[in-house]
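Heads up: the structure comes next, in structure tokens.
Below, chains carry the letters A, B, ... as their sequence lines are ordered, and counting in each starts from 1.
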Number of protein chains: 2
Amino acid sequence: MISASLEDYLEFIHNTILEKKEIKAINISKAFNISRPSVSEALIRLADMDLIIYEGRKGIKITKKGIKQAQKTVKKHKILSDFFTEVLKIDREQAEKNACKIEHVIDDEIIEKMKKYKESKLKNNE
Amino acid sequence: MISASLEDYLEFIHNTILEKKEIKAINISKAFNISRPSVSEALIRLADMDLIIYEGRKGIKITKKGIKQAQKTVKKHKILSDFFTEVLKIDREQAEKNACKIEHVIDDEIIEKMKKYKESKLKNNE
DNA sequence: ACATTAAGTTAGGTTTACCTTACAATATAG
DNA sequence: CTATATTGTAAGGTAAACCTAACTTAATGT
């Protein structure tokens with residue numbers, strides 16, 4: 001099992017690679033406001049779990065396994081955030097903030113029900 | 001700020017006192033499957049925060065501040081659990097399990113919206 | 001009353017996730 | 001092409017939340 005912190009970093013790595021084609025340790029440091037040594041440590045742990053390939057300055061690559069893992073988190077994040085904004089009418093910023101925390105602890109079944117609930121609500125355009 | 005673990009223990013202390021009038025460290029140890037030394041440590045930390053008064057075998061008393069804090073958690077727990085079962089049709093067990101984790105990270109505003117959403121849904125008995 | 005059991009504490013250890021300070025290596029700017 | 005700034009690593013430290021083993025103290029059974 002991956003921790004909430006590592007899951008956050010992996011999610012960020014994945015999103016950043018999709019967006020900008022590459023990512024460096026320093027970007028993670030800045031994005032999460034953690035020290036460079038802490039990032040090094042986290043990247044080593046992610047590499048130990050075969051979620052990324054880390055070769056220092058040569059860059060960070062995400063593995064198949066890492067992509068799968070990150071996609072799961074991203075999916076949860078999106079469903080939570082959409083449910084909060086569209087069903088509960090929470091503002092985007094707060095929805096995002098809460099999705100970031102809840103995505104690490106909520107079960108898949110609840111996520112699926114949230115998704116279905118939102119979809120059927122939209123269909124019946126209530 | 002109180003940690004998720006301490007919040008869990010305080011919630012359990014509060015609920016148990018309401019139900020059985022008293023609680024001992026050993027009950028927490030059994031309920032959460034953690035060692036007696038870990039409970040001692042946690043109780044000392046809760047006492048340091050003035051959430052309980054702890055005098056070893058003489059018992060555990062919850063302070064005003066502790067009751068307030070615990071009630072907040074209990075409220076969040078109940079709203080989450082009810083929302084999951086009544087709105088999303090999640091089974092009780094899973095709803096409880098997830099409420100236990102989410103209650104520590106979710107903002108009050110979302111909890112309030114969940115409560116209102118559920119109430120208005122019941123009123124219109126959809 | 002005394003042995004056993006139960007409950008709690010002490011001491012010392014682990015892992016995770018952070019930190020700072022100091023150093024090494026690489027890029028960039030003049 | 002060297003000086004400076006950027007990025008990363010090493011070493012060592014902290015706090016939280018757990019653990020085990022060993023001890024103390026209190027309660028209980030016979």
Side-chain angles (χ1 to χ4, degrees), chain A residues 1-14 16-17 20-62 66 69-70 73 97 100-105, chain B residues 1-14 16-17 20-62 66 69-70 73 97 100-105:
Chain A
M1 246 284 86
I2 190 174
S3 72
S5 300
L6 293 188
E7 204 163 72
D8 274 331
Y9 306 152
L10 186 66
E11 189 183 0
F12 180 74
I13 290 166
H14 182 247
T16 307
I17 288 174
K20 317 206 171 143
K21 299 285 176 218
E22 68 156 35
I23 181 159
K24 285 188 291 177
I26 190 80
N27 306 136
I28 300 168
S29 171
K30 281 173 185 160
F32 292 92
N33 243 295
I34 63 172
S35 70
R36 281 173 287 127
S38 297
V39 176
S40 275
E41 208 181 292
L43 293 177
I44 288 164
R45 234 172 300 134
L46 286 173
D48 281 347
M49 296 167 135
D50 290 313
L51 297 169
I52 61 165
I53 294 159
Y54 184 47
E55 292 164 304
R57 279 164 225 265
K58 284 190 209 156
I60 301 167
K61 275 165 223 151
I62 191 161
Q69 172 76 251
T73 313
K97 199 187 98 196
C100 269
K101 292 185 283 176
I102 298 172
E103 68 192 15
H104 304 299
V105 299
Chain B
M1 244 286 86
I2 190 173
S3 72
S5 299
L6 292 188
E7 205 164 70
D8 274 331
Y9 305 153
L10 186 67
E11 188 184 4
F12 180 73
I13 290 166
H14 182 248
T16 307
I17 288 174
K20 318 206 169 144
K21 298 288 176 216
E22 66 157 35
I23 180 159
K24 287 187 291 178
I26 190 80
N27 307 137
I28 300 168
S29 171
K30 282 173 184 162
F32 292 91
N33 243 297
I34 62 172
S35 70
R36 279 173 287 130
S38 298
V39 176
S40 276
E41 208 180 294
L43 292 177
I44 288 165
R45 235 171 301 136
L46 285 172
D48 281 348
M49 295 167 135
D50 290 312
L51 297 169
I52 62 166
I53 294 159
Y54 184 47
E55 292 165 304
R57 282 164 223 265
K58 283 188 210 158
I60 301 166
K61 276 166 223 153
I62 192 162
Q69 172 76 251
T73 313
K97 198 186 99 196
C100 269
K101 293 184 283 175
I102 299 171
E103 68 193 15
H104 304 298
V105 299

side-chain N/O [X] vs [N] OP1/OP2, d < 4.0 Å:
X        : N       : answer
Ser3(B)  : dA17(D) : yes
Ser29(A) : dT7(D)  : no
Ser40(A) : dA10(D) : no
Ser38(A) : dC19(C) : yes

Decide yes or no for [X] and [Y]: does some side-chain heavy atom of the first lie under 4.5 Å from some side-chain heavy atom of the second?
X        : Y        : answer
Tyr9(A)  : Val39(A) : no
Leu46(A) : Ile60(A) : no
Lys61(B) : Glu55(B) : yes
Gln69(B) : Met49(B) : no
Ile13(A) : Tyr54(A) : no
Asn27(A) : Lys24(A) : yes

Can you check the [X] [atom1] to [N] [atom2] distance for me, whole Å?
X         : N       : atom1 : atom2 : result
Leu43(B)  : dC18(D) : CG    : C1'   : 14 Å
Leu6(A)   : dT16(C) : CG    : P     : 9 Å
Asp8(A)   : dT16(C) : CG    : P     : 17 Å
Arg36(B)  : dA6(C)  : CZ    : P     : 10 Å
Ile34(B)  : dG8(C)  : CD1   : P     : 12 Å
Ile60(B)  : dA7(C)  : CD1   : P     : 13 Å
His104(A) : dT16(C) : NE2   : P     : 17 Å
Lys30(A)  : dG8(D)  : NZ    : C1'   : 13 Å

Any donor-acceptor pair under 3.5 Å between the side chain of Arg57(B) and the base of dA26(D)?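 No.
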Here's a test of your reading of the structure: between Ala42(A) and Val39(B), which maps to the more 5' nucleotide of DNA chain C?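 Looking at DNA chain C, the more 5' nearest nucleotide goes with Val39(B).
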Between [options], which nucleotide has the shortest distance from any of its atoms to the side chain of [X]?
X        : options                 : answer
Glu41(A) : dA17(C), dT7(D), dG8(C) : dA17(C)
Ile26(A) : dT7(D), dT9(C), dC19(C) : dT7(D)
Arg45(A) : dT16(C), dA7(C), dT9(D) : dT16(C)

Have a look at [X] and say if it touches a base, only the backbone sugar-phosphate, or nothing, with a 4.0 Å heavy-atom cut-off.
X        : answer
Tyr9(A)  : sugar-phosphate
Asn33(A) : sugar-phosphate
Ser35(A) : base
Tyr54(A) : sugar-phosphate

